[in-house]
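Each chain gets a letter, A, B and so on, in the order its sequence line appears, and its residues count up from 1.
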Amino acid sequence: MAFGKGCHLHLIDGSAFIFRAYHALPPLTRKSDGLPIGAVSGFCNMLQRYIDGNANGSDAPTHVAVIFDKGSHTFRNDLYDQYKANRDEMPEDLRPQIPLTRRATEAFNIACKEIEGFEADDIMATLACRARDAGGRVTILSSDKDLMQLVGDGVEMLDPMKNRRIDREGVMEKFGVGPERVVDVQALAGDSVDNIPGAPGIGIKTAALLINEFGSLEDLLERADEIKQPKRRQTLIENRAQIELSKALVQLDRDMELDFTLDDLEARDPEPDTLLAFLAEMEFRTLSKRIADALHVEPPVIMDTDPGGTEVEGPADLPFAPETYECIRDMGALQGWIDRIAERGYVAFDTETTGLNEMQADLVGISLSVDPGHACYIPLTHRAGGADDLFGSDELAEGQLPLDDVLAALKPVLEDDSILKIGQNMKYDAKILARHGVTIAPIDDTMLMSYAMNAGLHGHGMDTLSERYLGHTPIPIKELIGSGKSQVTFDRVAIDDATKYAAEDADITLRLWQRFRPQLHQTQVTTVYETLERPLVPVLAGMEMAGIRVDREVLSRMSNAFAQKMAQLEDEIHGLAGEKFNVGSPAQVGEILFEKMGLEGGKKGKTGKYSTPADVLEDLATEHDLPARILDWRQVSKLKSTYTDALQDHIDPDTGRVHTSYVQTGASTGRLASTDPNLQNIPVRTEEGRRIREAFVAEPGKVLLSLDYSQIELRILAHVAGIDALKAAFREGQDIHAMTASEMFDVPMDEMTPDIRRQAKAINFGVIYGISGFGLARNLRIPRAEAQGFIDRYFERFPGIRAYMDDTVNFAKEHGFVQTLFGRKIHTPEINAKGPGAGFAKRAAINAPIQGTAADVIRRAMVRMPGAIAGLPAKMLLQVHDELLFEVEEGAADKVTRAAREIMEGAAEPAIKLDVPLIVDAGQGANWAEAH
DNA sequence: CTAATCACG
DNA sequence: GACGTACGTGATTAGC
């Protein structure tokens, strides 16, 4: 039937349906594989309800279409780059459901239309106008006010949720003008949701008033000088361009070119087979049954499969059979694997190398797996002569494919956007491959999946995961390369043995991935994994490969000076003690101090030895010289051995720089850990120690740039605990410790003394750590009762803090974990234990959301940073929990500071809008001491 | 291999 | 009422 008089077109706003469905339902997943499916389920239910309610009624439509947005960039973005710029990113678990909603629409046999680069609103506008011109009626199923400009002359809107019709009167009620003037009002009022600027200070009410007075926006702008109110007049004159731009943005395109006609949208009944097959595929049991009943057919049988579970027989329970792993020795076999990988779209991948230092280690072989129990190893640079061969040989072993040929063949796979590369600790493999010119992407990482789901419960190394989740102990690497002095590198391992070991790793990784993938959704950490873990891998790899330049001469000079000073102190100490002993032995120091000299305060540890930590020695140092000298010696010794000596050994001979490794899964709270060397604990608190930072230098012509969050944890505490006084202080840029002191001790701000402030500062930090009277007393060296008094007063003054602590501990007791603002879970398995462990767990539970949220914030900044500084001559080098260090060409330092600061200060958004500002302090200089 | 100590946030 | 406590890390050394 050709569309014309008497016809009735229904236009369904598909995107609105999807978002309603998504937000209305809990995050359901498909049971068989964990695919997120909640929005699709809700969408189908809404379509079904629509059909039940409308399609067969007395006012049934003759034509129906569901219209979707397509592409994120439309002509409106060309007009205005900030259009919809403040929209949250699409939730990660919604993204894969979008194509499924198209398929759902088609399964219901309803026309499904979208046009690249256009919003659904424009398509609906064009269709509505054409239908009206053809003499038909139109109902738009949406509550979007942007569509209200289309109402009138046979076009109505219907809010499908409230089942409320919106006609001319409805539009008048909402906008104060008729549909034909809606865009004029919108242009003036603007729209924060779509980021339409409009005229500042003018809302819908005022806009309608003005339009009604002047007749149209054009007349209003033309005769703006006639507006009586001076402020309003000025606003309209000054913002004319912006208002005109706004109108262009809200005006829907009613005359789009379409590749279909109204006639193509004729209403059709669903094909039962097609529809039920789709519903069965989605595993919608209830909906399948309801629709099957309505269509008077048998509901489909939906298998109750659960391959991720342990009870069900499935791939995960296949035995491991190392002898069946394939060793790839010719290009034909390799091509067979590549074909299978391309067909599947994913592959578990692992590299074997000659060492743990990715900057130095050489690639020895590669293993792959696409099916559980089935894996291969591609030996590349194994040496002739086995591990037992004392002489070894630098000759390559026979029967290996040339490294370059294999990499050339695998490079397209490893860089293919549509092939997922799955690894365990992929940062390592990514760095090895980067040295061969391969940028591996996209990736999944079983180590990070485990971390996102189970931080705080157990480690995330392959051996732990395999034993825990696959019930299988992998072949220990020691069986191949030995340990200690007789350890050899992997290229000395016989290829047959290497195949069993290496291919097993790929097999295990694939099995872990198959198990973890659905669990990620089930445990609701998909967003954490997708936004805070996975995208950080290439960022950290880049920082580690960049390294930081360290001046060996500076360190060497300091080492010599320290050695002299240590010898001098040692003489003094031995003289004071009256005998020679090892100053570096706490046990011997304890003997001398507490037995020979008979000093008070000697406490023995669980090994029966005296303990001589710095705070005990500090107390003794007020009375005696010996403990004071021992403290001096310890400080110098620490600086020398850990820093000026050890750091020199970490300077890479090829780059002249120090390349740390970040452990992404090291800290349960979400913080990073830095190893080999640890560059997150370079001294700064003492003048002497801080000089070590002078050895961390920029290349000639460049500067080091340090940006650090100011008081980020206290700010987060103020936000999560909802402490208005703290929030206000941060908003006003006050000295937070002084403010706390003023509140607690009733001291006016202008009479604040450094000592009172110091005590308040200790309390503020104590709060973050899960304060106790004992701990505060020890820290401030005051009687315990007095410390407890401080804490009582603090809680009295800020009752929200105690409530936060109680709530957090109760949450942990109930759920076994706590969460950061961004959804990271930190498990607290000891929280319900009794005994001293409970106290630890309790304080850890209080601290974890605060420390963890701060960690999430800087992670978000780091993930966005490469994009923000792209094109600038700058590199991000280091992260020290609340600080990022960059190396920048001198002339660009200020520009990079601005760009990086903007990213860091806005890092919580759009996911979280904090009630307090995040403030970033910046510094620059030729070395780290100057920059910090 | 573990405990003690101390560097950082 | 007593107990034992600040939160999160990594590197080095001594001493078994």
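The local environment of CD in Q564(A) is sparse, with at most 12 non-hydrogen atoms from other residues, nucleotides or ligands closer than 6.0 Å. Under a cut-off of 6.0 angstrom, the local environment of CZ in R901(A) is crowded, with over 12 non-hydrogen atoms contributed by other residues, nucleotides or ligands.
Within the structure, a side-chain polar atom (N or O) of N582(A) is placed less than 4.0 Å from OP1 or OP2 of dA14(C). Applying the 4.0 Å criterion to OP1 and OP2 of dC6(B), one finds that R634(A) has a side-chain N or O inside that range.
Considering only heavy atoms from C-beta on, V767(A) stays 4.5 Å or farther from F798(A) through its side chain.
In this structure, W633(A) atom CH2 and dT5(B) atom P are separated by 13 Å, rounded to whole Å.
Proximity note for F774(A) (side chain, C-beta onward) versus dG15(C), dT9(C), dA6(C): the nearest is dA6(C). Across dT5(B), dG9(B), dA6(C), the shortest atom-to-atom separation from the side chain of P613(A) is found for dT5(B). Closest to the side chain of S611(A), out of dG10(C), dT5(B), dG15(C), is dT5(B).
Nucleic acid contact class of E713(A) (heavy atoms, under 4.0 Å, all strands): none. Among the atoms of the strands shown, only primed sugar atoms or phosphate atoms (P, OP1, OP2) are found under 4.0 Å from some heavy atom of S641(A). Heavy atoms of G766(A) sit under 4.0 angstrom from at least one base atom. Counting any heavy atom pair closer than 4.0 Å across all strands shown, R690(A) reaches no nucleic acid atom. Within the 4.0 angstrom heavy-atom criterion, no nucleotide atom of any strand lies near S637(A).
For the residue pair T686(A) and Q635(A), a side-chain donor N or O sits within less than 3.5 Å of a side-chain acceptor on the partner.
Ionic pairing of R781(A) and D619(A) is present here: one or more N-O contacts between side-chain nitrogen and carboxylate oxygen are shorter than 4.0 angstrom.
Nucleotides dA6(C) and dA4(B), compared at atom P, are 13 Å apart to the nearest Å. Taking the P atom of each, dT5(C) and dA3(B) are spaced 15 Å apart, rounded to whole Å.
With hydrogens and angles ignored, a donor-acceptor pair under 3.5 angstrom links the side chain of R685(A) to the base of dG9(B).
Across all strands shown, dC3(C) has no partner, as no Watson-Crick or G-U wobble contact with both distances under 3.5 Å is found.
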